[in-house]
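Order of the sequence lines fixes the chain letters, A, B, ..., with proteins taken first and strands second; residue numbering starts at 1 for each chain.
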Number of protein chains: 2
Amino acid sequence: MSLREPGGRRPTMRDVAARAQVSFKTVSRVVNDEGGVSPPLERRVRKAIDELDFRPNVGARILRRSDRRTASIGLLLEDVANPFSAAVQRAVEDEAEHRGVVVYSASLDEDPARERALAKAFGARNVDGLLLVPAGDDQSHLAAELRAGTAIVCVDREANNLPVDSVVTTNEIGAAEGVRHLAAAGHRRIAFLGDRTTIATARQRYVGYEEALRGLGLSVDPALVVRDVRDAGVADGAVTALLGRPDPPTAFFTAQNLVTVGAVRALRRLGREHAVALVGFDDFLLADLLRPGVTVVAQDPTAIGRIAAGLLFARIDGDTSPPQRRLVPTTLIRRGSGEIAPD
Amino acid sequence: MSLREPGGRRPTMRDVAARAQVSFKTVSRVVNDEGGVSPPLERRVRKAIDELDFRPNVGARILRRSDRRTASIGLLLEDVANPFSAAVQRAVEDEAEHRGVVVYSASLDEDPARERALAKAFGARNVDGLLLVPAGDDQSHLAAELRAGTAIVCVDREANNLPVDSVVTTNEIGAAEGVRHLAAAGHRRIAFLGDRTTIATARQRYVGYEEALRGLGLSVDPALVVRDVRDAGVADGAVTALLGRPDPPTAFFTAQNLVTVGAVRALRRLGREHAVALVGFDDFLLADLLRPGVTVVAQDPTAIGRIAAGLLFARIDGDTSPPQRRLVPTTLIRRGSGEIAPD
DNA sequence: CTGTTAGCGCTTTCAT
DNA sequence: ATGAAAGCGCTAACAG
């Protein structure tokens, strides 16, 4: 039921007080369960709250409160349309809802300018914390935010020039494991296809590729390395070009989910999917139903989101220990494409 | 640069005013580009703003402003981990960012209690508008929110008991088209596998299935209809059971993306994927790379999100025309599985 | 062009 | 147990 008069004005504590015939401080006591209100008065106040459908104005409350908490956090992802980001967001939402915290969310598309603009927009709204997938090589612009008391945790990549916690995948180790898996099947000419080198994880996965090859006594052939692959289409083209060489690779290590998809498309079109081996970094839906199934080094975005949110809330709750880096391990999932032997 | 003293207190307009030796109203004028400030004063103020790294407190501004706008909206999805929801969110984000509006986001998991709780939480934060994928059969709890001036637009499903705009897929038409496509390949025994019947779109797609069969002069065999399929695993089991019948279906129409995935898994396991036809509702990544490719009735979540956000912003900007229902058409994409003829 | 005053809706502090 | 007054940081309305 609502007796609110038209005009779009929300009822305030004063309206409730007038209706219940009490002072508006008494309403505040009831709304905040402060106690010290006699049962009959409390009943009257609760009745008036119901009848007017009163809801406390969170903005006004925050303004006056001593702790200055807004019970809100900001989540800055790469792109929520990518399943990896979406899984992170879902995990963060669950942790936040659990604590009565609301989540602002935005996609940055790897654009440092958007990182600055959106962090600023969320900061101006006094979020208690910021969960950030860094979009550039310099997060020092957030130093003032940190000093103002906003907790910050970086997700999937570490921050640069900013002393904050981060939660990251074991990119080098995982990539190296994937490459060694291909070598174990007998491959010596293993190509690398990676995402933009502006992205730290792409660089780390490349390092893992190099290290694995060196550890195996194999040399890195620059002709088999294609970096800065920005989407599935480019990956498709790169695979096609590499397989057209006189001395083509017998296996591919693709360092990002969309790159892997592009590689699968190319192998299919060339009819080489059962002849050329493939291991991808980051799992994706239906990878098991393709033929051959796509062997991947799987990440755990749900764990990443959950751990990052946990760290953030700990900081918000006053944890002042030194910044830490939490590592989330990968899992090699064998499905067929990575177990193909060279000709 | 930041000269802010430690303690986590953000500088206010008064701090800026003191540093620039002007009245704090002058600071307000500069911050809001109101004009009417002499260049030398403005310079001093801007310098102080920079030095203190001042940012206006959005909460305080909203409290005092006459228009009461918060430049924020709430987005209540089914589950952001589902690619359909994620695509809607991305489209909404883009429209919002474009207008300088921030977005709160949450997943409801089809739970009406969460719909109420989260709508309330966002309402208490005075969002200008709410974009909602309804989770139950009754949205009347939002009437007070609407009266208080919050714009509301429903996404993917219409609201019940609430006069608001909605943006929905042509579910009946699309489903009927998918079923007719199977019939055109010669099928007479077409099974239906649908999502939970509490979900309006699942009911509409079933109606489309029935209508198509009737229009073709075919009868609906209840033994071939399985509703309330809640995930891919259940879909897998249902397909397996139906194909084990003495008089099995020769084709399947699966009315949701995860249901389709489950059906593909079952057909694969049974080795029947090239013998039994399949058309799914809602497209998904890699559907084209499966063998056979999965024929789908594709929705357009990006268009849905964009149109819904557009309607919402129009309402926020004062549009008071009668509630409208916007339809977004589907597209049949032939990839092989839907073109298989019966034995 | 610049400044003063009031007050948004609420919590805090202090009185009764 | 209840209430009155002050004031969070800002904008609106009104001076000079």
field: Nearest listed nucleotide, side chain of A:Thr26, among C:dT2, D:dT2, C:dT4
entry: D:dT2

statement: Closest to the side chain of A:Arg64, out of C:dG7, C:dG3, C:dG9, is C:dG9

Whole-Å distance between [N] [atom2] and [X] [atom1]?
X        : N      : atom1 : atom2 : answer
B:Asp33  : D:dT11 : CG    : C1'   : 15 Å
A:Asp67  : C:dT12 : CG    : P     : 8 Å
A:Met13  : D:dT2  : CE    : P     : 16 Å
A:Arg29  : D:dG3  : CZ    : C1'   : 7 Å
A:Phe24  : D:dA5  : CZ    : C1'   : 9 Å
B:Lys25  : C:dT2  : NZ    : C1'   : 11 Å
B:Asn126 : C:dG9  : CG    : C1'   : 10 Å
A:Asn57  : C:dC10 : CG    : C1'   : 8 Å

message: Give me the atom names and distance for the closest heavy-atom approach of A:Pro134 to A:Gln139.
response: CB-NE2, 3.4 Å

Is the distance from OP1 or OP2 of [N] to the nearest side-chain N or O of [X] less than 4.0 Å?
X       : N      : result
A:Ser23 : D:dT2  : no
A:Ser28 : C:dT11 : yes
A:Thr12 : C:dC8  : no

query: Between the base of D:dG9 and the side chain of B:Arg10, is there a donor-acceptor distance below 3.5 Å?
result: no

- request: Check if the side chain of A:Arg65 and the base of C:dT12 share a donor-acceptor pair of N or O atoms closer than 3.5 Å.
  value: no

field: Listed partners of A:Val103 passing side-chain contact (heavy atoms from CB on, under 4.5 Å), at least two apart
entry: A:Ile73, A:Leu75, A:Ala96

- request: Indicate yes or no: does B:Glu145 engage A:Arg10 in a salt bridge with an N to O separation below 4.0 Å.
  value: yes

query: Starting at the 5' end of DNA chain C, which residue's closest nucleotide do you reach first, B:Val22 or B:Ala60?
result: B:Val22

- prompt: Between B:Val37 and A:Val31, which is nearer to the 5' end of DNA chain C once each is assigned its nearest nucleotide?
  reply: B:Val37

message: Under 3.5 Å, is there a donor on one side chain and an acceptor on the other for A:Asn160 and A:Asp138?
response: no

message: Once you apply a heavy-atom cut-off of 4.0 Å, does A:Leu41 come out as touching a base, just sugar-phosphate, or nothing?
response: sugar-phosphate

message: Set out, in order, the CA-CA distance, both residues' side-chain angles and the distance that settles salt bridge (Lys or Arg N to Asp or Glu O under 4.0 Å) for B:Glu78 and B:Arg157, then state yes or no.
response: CA-CA 11 Å; B:Glu78 188 207 329; B:Arg157 308 167 190 172; 3.8 Å; yes

